[in-house]
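The figures here come from the full heavy-atom set of this structure, side chains too, leaving out hydrogens, waters and symmetry mates. Below, read A as the first sequence line, B as the second, and so on, with proteins coming before strands; counting in each chain starts at 1. Treat the numbers as computed from the prediction; the structure is a model and nothing was measured.
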Amino acid sequence: MSKLNPAEIEPKWQAAWDAAQVFKAVRDPAKPKYYVLEMFPYPSGKLHIGHVRNYTMGDVVARYKIATGHAVLHPMGWDAFGLPAENAAIDNNLHPGAWTRQNIDSMKRQFNLLGLSLDWSREFATCDPDYYAQQQSLFIDFMEKGLIYRKDAVVNWDPVDMTVLANEQVIDGKGWRSGATVERKELTQWFFKISDYSEELLSALDGLTNWPEKVRLMQANWIGKSQGLRFGFDLTTPASDMDRIEVFTTRPDTLLGASFVGISPDHPLAKALEAENPDIAAFCAECRKTGTSEEAMEKAEKLGFDTGLKVRHPLDPNWELPVWIANFILMDYGTGAIFACPAHDQRDLDFCRKYDLPVIDTFFAMDDPAPVANEAFVPPKTEKVKWVNHFAGLEEATGLEAIDATVAFAEKAGWGTGVTQFRLRDWGLSRQRYWGCPIPVVHCEKCGVVPEKKENLPVKLPEDVSFDIPGNPLDRHPTWRDTPCPACGAPAKRETDTMDTFVDSSWYFARFTAPDAPTPTVAEDVAYWMNVDQYIGGVEHAILHLLYSRFFARAMHICGHLPEGAIEPIDALFTQGMVTHALFTPADGDEKRGPFFFPEEVDIEAGVHRETGQPIKIIPPIKMSKSKKNVVDPEAIISAYGADTARWFVMSDSPPERDVEWTASGAEAAFKHLGRVYRIAAELVDNTSSGTEEDALALRRATARTVQDVTDGIDGFQFNTSVAKLYAFTNTVAKSKASGDERREAMRTMARLMQPMTPHLAEEVWAMLGGEDLVVQAPWPKADPALLVEDTVTLPVQINGKRRAEISVAKDASKEAIEELALGQDAVQKALNGAVPKKLIVVPGRIVNVVV
RNA sequence: GCGGGCGUGAUGGAAUGGUAGACAUAUCGGACUUAAAAUCCGAAGGGCUUAGUCCCGUGUGGGUUCGAGUCCCACCGCCCGCACCA
């Protein structure tokens, strides 16, 4: 008896698919199209199990859609620009491009081992000049339409390395290489005007019914629409040419509880005061030592500084409030200035207690107003509360009513305006780095900022750069910056900032529809292939990547690169969970800084490093990441068990949307199961046994049930349940006494059902049992509805919700018959113990509940 | 800190508001074997002076319902995102 030998069959069937060109995407007007896309990988160099999970999911969908008669587009590419390539360049003295290319080659080789249904003819990397040329062309189009502008913005600045740091490179406020305290620095940078689309991006979320609810919610909260009041506090004495401070508040109804006016350290007034007052300058400098991330700002200790300035309360000219600079006020949101109401906002209260600022007692409450101690009363928005004192004349109202009334009052009185405020900020795309798409503009002394001419694209990255000095090599390249001004021809300088890598990934899905075109897209191709019918990727991209892509599609539509119907480019989204793994460091290692060991370097049982014997610390599982070395090498699993085992394993057990911790034990089991399927098929090849009609019918029923359940599982993205049903079906076939013909038929159906998950084994079984052509080209099986209906059903009988018996009834039994049968059960009578049922609930086909 | 999610046997998990624990892993027992591996068959949530279609059981505490793992409220724990990681 031959044994399943993946090393032999997997390359054989991969070659057969290649020869038949089954995965080449071809526009076919006669077929419905289906575009399935997994988020393309960053070429880190090695495939990890998370990739295997992600791409197998997409492959299952793609193969299923091929089987159900669709023209399928299932492409693959590389998100190839980014920081790690530059880090590798610094660490290994290797050019980022060479490092990236090398990684792509090795990852592509690993991809090919998996037997994925990819159309490699459409492959590109975002660092290909052909790709970024089109991206530069889009940039110029966007500029022309006013979708891009420049303004000053802050970056993390490492004062020792004299370089800009990503948030990721700032650890506990220090630069990751230098260890120097990071400062904030202002630079002039490029921005996409995504905030112009806040309302549109928010309201269109309602139409994305095939997106996970949680992603839509997260995006809605990220966009953060809020209604509020904008108004000014007049300064009692003008300071630095300013005579009032504009504030925005979502709770204007708490204005009578105002305690102070706060401004951001980056507020123009604060900056003006800095120049005059060294103490303020010192305070603002201290605030700027906090990282730029919102998390760092929010978690930082709340600090304030009294400017000594006073403002008048808009409702009472005799009421003066102090003006403070506070580190928790963001210049990017609203006007960069607030008023604080300690009685009704916890953060304001904490701040007032800390700096001994006045706290006005509560003026609205659920019941009776209680004096404010150290807990603020946050008035609910939708519940009615009593108003002890309210200037808009309300006695009792919900928060929302109160806000509306207050805004109306302020507008009528003329001292404020109701405004809609969004949290969403414009997308800063400038990066002071080499390994990214060059921003195609030129700075000319005479003409200013001028876009490069399209015929001069791409603006190519120079190859001759070095990374021995920190900073952007483009800045110090001897010749690359020098270029004639595209407008006047005078000598000018190129922009040296490159684009955020999110730009690269914001339109690649559209490029896959015509990857070689001399324009960003081609009308017929986007018309046929767009939108992406199913997009699959990690939930960590739920906000930024997906929001930017939605913006980009709108911008591309405005510039004529996408049709109206593609402004929401992703029809259905599935966010898969991450694959996690324990982290290994030396006993004195740090879970953030490492150093880290690869799983294969350590002996978990003994708790030591294999080579050095040094004791290790095991840190609970987190997302797999190359930098933390908590990765598992899929290639080792493939060479031990084959790709089908790896694929089967990642599809089984865990629901796709949930995180899964990698454990080695499952692979062995998956391999055993596939061997069993193969063995069952092999034993049936020449089986001429006969069987009873009853056994045949039972097997046919089980087959139909399995077809239905596996199909439902794939349709509903519950691959783990499809796998479970296939396990159960294997047990059924193994035990079946039906004839050889019947069992062969069942196994051919098994092959078709397993094909999306374990395509190589499926082909082998299909061929062995006389299936025609390739199973990948075979139509998806259909369940005979007649075989799905059971003649009799088993109903549990409950008494007061507790199961006491079960009855077997015909599927179309009447309610009366069911009631009678249920009450007639000994167990039921015994449990009733003479009590008379008050009520009988019969749910046909489901349950009987006797209420006493 | 803010936003979002998750929580079920030893383990991964299953379960349109309707028999909780399907299917698998690990474990234990049996068959085959000189033996082992492989394979096949079977047991198994916890508890018990009553072994019963008995009691308890889906993070904790409440609630809605004839009926709650599922819906609602509060809490606890873990995970993700927070705009320059991709």
Within the 4.0 Å heavy-atom criterion, would you say [X] contacts the bases, only the backbone, or no part of the nucleic acid?
X         : result
Lys802(A) : sugar-phosphate
Leu726(A) : nothing
Asn731(A) : sugar-phosphate
Phe502(A) : base
Val164(A) : base
Lys299(A) : base
Gly577(A) : nothing
Ala669(A) : sugar-phosphate

Measure all distances between protein nitrogen or oxygen atoms and nitrogen or oxygen atoms of nucleotides 70-74 of chain B, and list the pairs falling under 3.5 Å.
none

Does G46(B) count as syn, meaning its glycosidic angle lies within 90° of 0, or as anti?
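G46(B): anti glycosidic orientation.
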
Can you find a heavy atom in the side chain of Lys185(A) that is under 4.5 Å from one in the side chain of Leu187(A)?
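In contact.
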
For nucleotides 61-68 of chain B, tabulate all protein N/O to nucleotide N/O atom pairs closer than 3.5 Å, reporting atom names and distance.
from, atom 1, to, atom 2, distance (Å)
C66(B), O2', Asn849(A), ND2, 3.3
C66(B), O2, Asn849(A), ND2, 2.5

Arg423(A) side chain N/O closer than 4.0 Å to the phosphate oxygens (OP1, OP2) of A83(B)?
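False: Arg423(A) side-chain N/O out of range (4.0 Å or more) of A83(B) OP1/OP2.
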
Hey, does the side chain of Thr501(A) come within less than 4.0 Å of A86(B)'s phosphate (OP1/OP2), counting only N and O?
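So the side-chain polar atoms of Thr501(A) do come within 4.0 Å of the phosphate oxygens OP1 or OP2 of A86(B), strictly under.
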
Any protein N or O atoms within reach of nucleotides 9-12 of chain B? Criterion: under 3.5 Å, listing atom names and distances.
from, atom 1, to, atom 2, distance (Å)
G12(B), N2, Asp653(A), OD1, 2.8
G12(B), N3, Asp653(A), OD1, 3.4

Could you state the [atom1]-[atom2] distance from [X] to [N], rounded to the nearest angstrom?
X         : N      : atom1 : atom2 : value
Met331(A) : A83(B) : CE    : P     : 18 Å
Phe729(A) : A24(B) : CZ    : P     : 14 Å
Glu298(A) : G81(B) : CD    : P     : 18 Å
Met218(A) : G5(B)  : CE    : P     : 7 Å
Leu217(A) : G4(B)  : CG    : C1'   : 7 Å
Arg431(A) : C85(B) : CZ    : C1'   : 10 Å
His541(A) : G3(B)  : NE2   : P     : 24 Å
Met39(A)  : A86(B) : CE    : P     : 15 Å

Are Asn472(A) and Gln432(A) close enough that a side-chain donor and a side-chain acceptor fall under 3.5 Å?
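Note: Asn472(A) and Gln432(A) side chains miss the donor-acceptor criterion.
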
Does a donor on one side chain and an acceptor on the other come within less than 3.5 Å for Thr292(A) and Asn156(A)?
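Note: Thr292(A) and Asn156(A) side chains meet the donor-acceptor criterion.
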
Just name whichever nucleotide pairs with [N], Watson-Crick or G-U, keeping both distances under 3.5 Å, else none.
N      : result
C75(B) : G59(B)
U49(B) : none
G3(B)  : C80(B)
U70(B) : none
A43(B) : U27(B)

In this structure, which one of Asp266(A), Asp152(A), Asp158(A) forms a salt bridge (Lys or Arg N to Asp or Glu O under 4.0 Å) with Arg184(A)?
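Checked Asp266(A), Asp152(A), Asp158(A) against Arg184(A); only one passes salt bridge (Lys or Arg N to Asp or Glu O under 4.0 Å): Asp266(A).
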
For a side-chain hydrogen bond (donor to acceptor under 3.5 Å, both in side chains) check, start with the C-alpha distance between Glu168(A) and Trp176(A), then their side-chain angles and the critical distance, and finish with the verdict.
CA-CA 9 Å; Glu168(A) 190 191 51; Trp176(A) 70 340; over 6 Å; no

With distance as the sole criterion, do the side chain of [X] and the base of [N] form a donor-acceptor contact below 3.5 Å?
X         : N      : value
Glu295(A) : C82(B) : yes
Gln189(A) : C84(B) : yes
Gln169(A) : C85(B) : no
Arg846(A) : U16(B) : yes

Go through the steps to decide whether Ser226(A) and Tyr333(A) satisfy the test side-chain hydrogen bond (donor to acceptor under 3.5 Å, both in side chains), and finish with yes or no.
CA-CA 11 Å; Ser226(A) 55; Tyr333(A) 183 70; 3.2 Å; yes

Which comes earlier along RNA chain B counting from the 5' end, the contact point of Lys725(A) or that of Val215(A), where each point is its nearest nucleotide?
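Whichever sits nearer the 5' end wins; that is Val215(A).
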
Whichever of Glu806(A) and Tyr42(A) has its nearest RNA chain B nucleotide further upstream toward 5':
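Counting from the 5' end, the first nearest nucleotide belongs to Glu806(A).
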
For Arg431(A), the option from Asp500(A), Asp497(A), Thr498(A) that meets side-chain hydrogen bond (donor to acceptor under 3.5 Å, both in side chains):
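The single option meeting the side-chain hydrogen bond (donor to acceptor under 3.5 Å, both in side chains) with Arg431(A) is Asp500(A).
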
In a check of side-chain hydrogen bond (donor to acceptor under 3.5 Å, both in side chains) between Asn54(A) and each of His48(A), Gln576(A), Glu38(A), which one passes?
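The residue from His48(A), Gln576(A), Glu38(A) that satisfies side-chain hydrogen bond (donor to acceptor under 3.5 Å, both in side chains) with Asn54(A) turns out to be Gln576(A).
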
Do [X] and [Y] meet the cation-pi criteria used here (NZ or CZ under 6.0 Å from the six-membered ring centre, within 45° of the axis)?
X         : Y         : answer
Lys3(A)   : Tyr678(A) : no
Arg216(A) : Trp211(A) : no
Arg423(A) : Trp222(A) : yes

Partners meeting ring-ring contact (aromatic ring centres under 6.0 Å, His included) with Phe509(A) (sequence neighbours left out):
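Not a single residue meets the ring-ring contact (aromatic ring centres under 6.0 Å, His included) criterion with Phe509(A).
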
Is there a residue in residues 705-721 of chain A whose heavy atoms reach under 4.0 Å of RNA chain B, and which residues are they?
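Nucleic-acid contacts, sorted: Gln718(A), Asn720(A), Thr721(A).
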
All N/O pairs under 3.5 Å across the protein-nucleotides 37-43 of chain B interface:
from, atom 1, to, atom 2, distance (Å)
U39(B), O3', Arg679(A), NH2, 3.3
C40(B), OP1, Arg676(A), NE, 2.8

Between Arg647(A) (side chain only) and Met757(A) (backbone N and O only), is there a donor and an acceptor less than 3.5 Å apart?
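At least one qualifying donor-acceptor pair exists.
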
Counting distance only, does the side-chain N/O of Asp426(A) pair as donor-acceptor with the main-chain N or O of Ile194(A) below 3.5 Å?
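Checking the backbone N and O of Ile194(A) against the side chain of Asp426(A), a donor-acceptor pair under 3.5 Å is found.
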
Ring centroid separation [X] to [Y] under 6.0 Å:
X         : Y         : value
Tyr149(A) : Phe192(A) : no
Tyr508(A) : Tyr131(A) : no
Trp427(A) : Tyr548(A) : yes

For residues Val828(A) and Ala805(A), report the shortest heavy-atom separation together with the two atoms involved.
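Looking at all heavy atoms of both residues, the shortest contact is CG2-CB, 4.0 Å.
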
Going by the angle between their ring planes, with limits at 30° and 60°, are Phe671(A) and Tyr641(A) parallel, tilted or perpendicular?
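Aromatic pair Phe671(A)/Tyr641(A) classed tilted.
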
When rounded to the nearest Å, what value does the distance between P atoms of U60(B) and U25(B) take?
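Approximately 29 Å lies between the P atom of U60(B) and that of U25(B).
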
